[in-house]
Amino acid sequence: MLRTCTLKEASQLDGETVKVCGWVHDIRVLGKIAFIIIRDRYGLAQLTLIRSIIGKENFKKYTKLTRESVICVQGKVQKTEQAKLGFEILLESLEILSIAETPLPLGVADKVSADMETRIENRFLDLRKKEVLAVFEARSAIIQGIREYLAQEHFIEVHTPKIVATATEGGTELFPIKYFEKDAYLNQSPQLYKQILMGSGFDRVFEIAPAFRAEEHNTTRHLNEFISIDAELSFADDNDAMQILENSIKNAIKHAIESEALNALEQDIETPDKPFERVTYDDALDLINSKGYSMEWGEDFSTEALKILGKEIDDFYFITHWPLEIKPFYVLPFEEKYSKAFDLMYKDKELSSGAQRNHNYESLVNIMKQKGLNPENFEFYLRAFKYGMPPHAGWGLGLERLVMIVTGVKNIRECVLFPRDRTRLVP
RNA sequence: GCCCCGGUAGUGUAGCGGCCUAUCAUGCGGGCCUGUCGAGCCCGCGACCCGGGUUCAAAUCCCGGCCGGGGCGCCA
């Protein structure tokens, strides 16, 4: 066993001799005494080196260690007021496990900031910073919160194919790939598959998996590969789906807060205690037009329009009863020109979209034709509607968008370990 | 897809025709110090993206390329 405890655990072991491992965060030499700040995932600890105890040779060797080298040390934990952290480890022996080259392409303990590109190119180093790590701890907690809630509501976690034969919904660009002698695509959404599973009687399913979009977008809120959290439930309408979504989000935030990851981010967010406000498309439209912005019925909200809404309405809110014409073919029509579609917003950000689905075969085929899609290309999907399909509803949620909101991070790339954007394919 | 902005030491920056042998911080190398903790002090190291042009003179202006950041659109 290389270590007997983590640095955080060591802080509680006053008087005991421990063996700990980590990275050299910083070294301060003051003549005959020196301090090495060691770091692991859980925190920092100060190693105190006294030359007269460890010997001149060792003292020199250890204080010449480069930053970010990996070491394993043995020493005695002592509580002391003299150390900022309230304790220190009086060094007895030190083993060098890995020497870090110098200079570092990206400073870890530095005060200077780095550009996004430098950070991503050296992501392994960037991830050593506690505020960067914290984003991923929060992300993990968010996923756990959602998974925990959905499992409790008897959702089955499923995985659908990411290599598919045709476009899911039309519209967005897909990444073409070679599938042996056939042409295929990376899937933009599990939409069609999770609906088929409703026809299978799975009743309630969810999936947390990558989705791919080949749009050349240049924004801080789009990725070409992102994690989509999708849920679908049978014998349910749009309101049921919204409730499940709302509760999932609340549990996600609760978990993120409880994980304490947010402490490193100076992010102050509370679990929303009130129900999310629900605004109809028509009311939202009126609100926007009343603020001096001009928007026609049947248009989607522009970024500028959403900024107005974001200011007028509280944090999380649903926009419901969308015009049928601007939603995909699979949403359920309602009162002729409307649909049972909804979007979940956080201020001006689109977090999720969902709907009660159209489970009527004839109607579905008609709407597909109206939208210029060829039903023959969707035969594998449509046949599930011919032999007993229950009414159902569901949603897709962009994980990284939620992580942005919960952590307060401004660029969505910071919410992914190794982001895929317009030009980035490595690392 | 349309549009805007930017590339200066390892990192982050200042400079935006001659005052540049290029600023500052951080880092790195060396030295001093037994309580540092954003340590301090002294010495040193290290850079104008590439190609072409304008000019007596280019980091600075112009053109092209490469690379990056962002806005809109599209969406999650």
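The chains referred to below are lettered A, B, ... by the order of the sequence lines, with proteins before strands, and numbering in each begins at 1.
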Nucleotide opposite [N] in a Watson-Crick or G-U pair, distances under 3.5 Å:
N: B:C2; value: B:G71
N: B:G44; value: B:C28
N: B:C66; value: B:G7
N: B:U54; value: none
N: B:G17; value: none

Students often get this wrong, so: under 4.0 angstrom with heavy atoms, is [X] touching a base, only sugar-phosphate, or nothing?
X: A:Ile229; value: nothing
X: A:Arg119; value: nothing
X: A:Ser228; value: nothing
X: A:Arg422; value: nothing
X: A:Lys64; value: sugar-phosphate
X: A:Asn411; value: sugar-phosphate

Would you call the rings of [X] and [Y] parallel, tilted or perpendicular, taking 30° and 60° as the class edges?
X: A:Phe316; Y: A:Phe276; result: parallel
X: A:Trp322; Y: A:Tyr281; result: tilted
X: A:Phe380; Y: A:Tyr193; result: tilted

Side-chain N or O of [X] less than 4.0 angstrom from OP1 or OP2 on [N]?
X: A:Ser353; N: B:A76; result: yes
X: A:Thr219; N: B:G73; result: no
X: A:Lys307; N: B:G71; result: no
X: A:Thr66; N: B:G27; result: no
X: A:Arg424; N: B:G69; result: yes

Any salt bridge linking A:Glu68 with A:Arg128? Criterion: basic side-chain nitrogen under 4.0 Å from a carboxylate oxygen.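 Salt bridge flag = yes for A:Arg128 with A:Glu68.
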
query = Does the pair A:Lys274/A:Glu246 count as a salt bridge with the N-to-O cut at 4.0 Å?
reply =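 Salt bridge: no.
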
Exercise. Pick the nucleotide of RNA chain B nearest each of A:Thr48 and A:Pro103; which residue has the one closer to the 5' end?
Worked result: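 Of the two residues, A:Pro103 wins.
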
* Asked: So which one's nearest nucleotide on RNA chain B is more toward 5', A:Gln78 or A:Ser302?
  ->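 So the residue in question is A:Gln78.
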
Does a distance-only test, which skips hydrogens and angles, find a donor-acceptor pair under 3.5 Å between the side chain of A:Glu350 and the base of B:C75?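 Counting by modelled atom types and ignoring angles, a donor-acceptor contact under 3.5 Å is found here.
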
**Q.** Base B:C75 to side chain A:His217, donor-acceptor N/O within 3.5 Å cut-off
**A.**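 A donor-acceptor contact between them is absent.
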
**Asked** So which nucleotide from B:G12, B:C75, B:A76 ends up closest to the side chain of A:Leu223?
**Response**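 The answer is B:A76, which lies nearest to the side chain.
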
Taking the side chain of A:Asp115 as its heavy atoms from C-beta onward, which of B:G10, B:U13, B:G71 lies nearest to it?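 Nearest nucleotide to the side chain: B:U13.
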
task: Could you tell me whether the side chain of A:Ser11 reaches within less than 4.5 Å of the side chain of A:Leu85, counting heavy atoms only?
output: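 Not in contact.
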
Reading nucleotides 36-49 of chain B from 5' to 3' and marking B where a protein heavy atom lies under 4.0 Å of the base, S where only the sugar-phosphate is that close, and - otherwise, the string is BBBB----------

Q.
For A:Phe378 and A:Phe329, I'd like to know if the aromatic rings sit close, meaning centre-to-centre distance below 6.0 Å.
A.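 Ring centroids of A:Phe378 and A:Phe329 are less than 6.0 Å from each other.
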
Checking the side chain of A:Arg357 only, and the main-chain atoms of A:Gly394 only, is there a donor and an acceptor separated by less than 3.5 Å?
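Looks like yes, one N/O pair under 3.5 Å.
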
